[in-house]
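Accompanying notes for the structure given below.
Just so it is clear: chains get the letters A, B, ... in the order the sequence lines come, proteins before strands, and each one is counted from 1.
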2 protein chains.
Amino acid sequence: METKIKIHLADDHQVLIDGILAVLKTNPNFEVVGFSLNGENLVERVAKNEAHVLVMDINMPEKDGIQVLREFNEKGFTCKVIILSSYDDPKLIKEVIKLGASGYLTKQCAGENIVDAITSVAQGNQYFSSTIKDKVFDIFTENNQRQALSIEDIISGITTRELEILGYICEEKSGKDISELLNISPNTVETHRKNLMKKLKVKSSVGLVLFATKHNLISIQ
Amino acid sequence: METKIKIHLADDHQVLIDGILAVLKTNPNFEVVGFSLNGENLVERVAKNEAHVLVMDINMPEKDGIQVLREFNEKGFTCKVIILSSYDDPKLIKEVIKLGASGYLTKQCAGENIVDAITSVAQGNQYFSSTIKDKVFDIFTENNQRQALSIEDIISGITTRELEILGYICEEKSGKDISELLNISPNTVETHRKNLMKKLKVKSSVGLVLFATKHNLISIQ
DNA sequence: AGTTTTCTCACCAAAATTGGTGATATAAAA
DNA sequence: TTTTATATCACCAATTTTGGTGAGAAAACT
């Protein structure tokens, strides 16, 4: 082993960082050059430390993992990224792979898997656990077999204005309320609402709210 | 240090277990006697190993942390419990304290905090991080200062029939649909709906759905 | 036994939602 | 440049929801 693999860790759970730190310390090929508890300035910090591998959670304060990946692509950095997430939602996996992550592990994995994953992606390979590979397969078959619209397609068919209005509906605002908030005619608001209902195949505003909460289109406070 | 502190770890994230394991290994006073990835037979396993301290997550498959704590109380075990959760929801903290947990840490805490917490509770003390103490204070003031009805009081004011109808509303059923499902007059359904809106202080069916989802009165599928 | 709660139903009027069609201006994409 | 997508608005009719009041019967509680 000529040079050590430089690693940066990012997760809002400090206890997990400390734990992985302790695990990685046992391997002489690894050198943890930094860690972050949120996504702020993460790209800059990784670049400055010249880390080879970034092990990152998706859910982080300030800036989430998806945004960080986008930034990596925009700025053309070559640092390999391994996602370490609690969730194995197909939508998320699809997005993450599209954004060029080299690996994806769920937190159900063993500490040893992280060691393997880091070694693997540092050599230019990819590393996905078998459960993740299964999910990817599901996405593939879903996209090629079913002619019906997938949830992703439905969601991507919503316009920004519609999403904005959906947000207000989910805040218990009436049509008139919204029209006053946006300075548009009540008729327009109702048109948007109707188009939303048609697109999301629901029968009422309650259906809109249910769809939005189910697919995390809005944040519930 | 006469005898080592026997510790059992329970968390569905293996990587976190491995991490904490690595952290605790550095302290000669600690001995991890077992770990679990879910709540199944957790109480039995802890009892068999005669662990002094159980560090446990709330969210676990098979049996969650709350259920495990209940079982501990029923069976009268003396093992100290430290909750290590991602969430710091006041309701959860309140419940956990009521069930006799000796400590509560969020996963935002440092690995060192776990060491401190274990040492502390093993000596018979309690260990709560300052952010958790703040939350407890909030609960206290909420219960004693405000004369307004607490969420719990509001929820307990809902009758079974109303809850039933709330469930149907959250399934996007119309008033007429519900009246047919329950074989009652549409007027009755609307009366229930109106009473619900008054009790929950919301302005529309959307408000009802939001209240129900926020407080887990219904299960979203 | 008497009181309270819950469930039931009715009637009324105002307001809002739902389900259509059609049309215009503007911006984006092919 | 032509087409497409988006946002805007109007008009219409049917239906539903909302906000009241009042009231009877059954169940639960004191």
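Listed here is the closest heavy atom pair of B/Arg45 and B/Ser36: NH1-OG, 3.1 Å.
Summarising the geometry, the separation between CD1 on A/Ile165 and C1' on D/dT6 is reported as 12 Å, rounded to the nearest angstrom. Straight-line distance from the CD atom of A/Glu172 to the C1' atom of C/dT17: 15 Å, rounded to whole Å. Protein atom NZ of A/Lys203 is 17 Å distant from nucleotide atom P of D/dT15, rounded to whole Å. When rounded to the nearest whole Å, the span between NZ of B/Lys199 and P of C/dT5 equals 10 Å. Distance, B/Glu164 CD to C/dC7 C1': 11 Å, rounded to whole Å. Rounded to an integer number of Å, the gap from CG of A/Asn195 to C1' of D/dA7 is 10 Å. The distance between atom CG of A/Leu208 and atom P of C/dA16, rounded to the nearest whole Å, is 18 Å. Computed from coordinates, the A/Leu196 CG to C/dG19 P distance equals 13 Å when rounded to whole Å.
Sorted by first and then second residue, the side-chain hydrogen bond (donor to acceptor under 3.5 Å, both in side chains) pairs with a member in residues 180-191 of chain A read A/Ser185-A/Asn187, A/Glu190-A/Arg193; sequence neighbours excluded. Within the structure, side-chain hydrogen bond (donor to acceptor under 3.5 Å, both in side chains) contacts touching residues 51-60 of chain B (residues at least two apart or in different chains) are B/Asp57-B/Lys107.
For the helix from C/dA1-D/dT30 to C/dA30-D/dT1, the angle separating the two terminal helix axes comes to 60°, with each axis derived from five pairs and the value rounded to 10°.
Side-chain nitrogen and oxygen atoms of B/Thr159 include at least one within less than 4.0 Å of the OP1 or OP2 phosphate oxygen of C/dC7. Using a 4.0 Å cut-off, some side-chain N or O of B/Ser205 falls inside it from OP1 or OP2 of D/dT18.
Taking B/Glu164 as the reference, B/Arg161, B/Tyr168, B/Leu182 meet the side chain to side chain contact (heavy atoms under 4.5 Å, CB included) condition, with sequence neighbours excluded. Evaluation of the salt bridge (Lys or Arg N to Asp or Glu O under 4.0 Å) rule for B/Glu71 yields B/Lys63, B/Lys75 as partners, not counting sequence neighbours. Looking at residues two or more places apart in sequence or on another chain, you find a side chain to side chain contact (heavy atoms under 4.5 Å, CB included) between A/Pro186 and A/Ser179. A/Phe30 pairs by the side chain to side chain contact (heavy atoms under 4.5 Å, CB included) definition with A/Ile5, A/Ile7, A/Leu24, A/Asn27, A/Val115, A/Ile118, A/Thr119, not counting sequence neighbours. Qualifying salt bridge (Lys or Arg N to Asp or Glu O under 4.0 Å) partners for A/Glu162, counting only residues two or more places apart in sequence or in other chains: A/Lys199. Every residue meeting the side chain to side chain contact (heavy atoms under 4.5 Å, CB included) condition with A/Glu50, not counting sequence neighbours, appears here in chain and number order: A/Lys6. Not counting sequence neighbours, the partners of A/Lys173 by the salt bridge (Lys or Arg N to Asp or Glu O under 4.0 Å) test are A/Glu171.
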Dump the pairs, protein N or O against N or O of nucleotides 24-29 of chain C, anything under 3.5 Å, distances to one decimal.
none

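When the nearest nucleotides of DNA chain C are assigned to B/Arg161 and A/Lys198 by heavy-atom distance, the more 5′-ward of the two goes with B/Arg161.
Annotation: proximity of residues 175-194 of chain A to DNA chain C (heavy atom, distance under 4.0 Å) is found for A/Gly175, A/Glu190, A/Arg193, A/Lys194, numbered in ascending order.
Separation of atoms CE (A/Met197) and CG (A/Leu208) is listed at 6.0 Å; rounding is to 0.5 Å.
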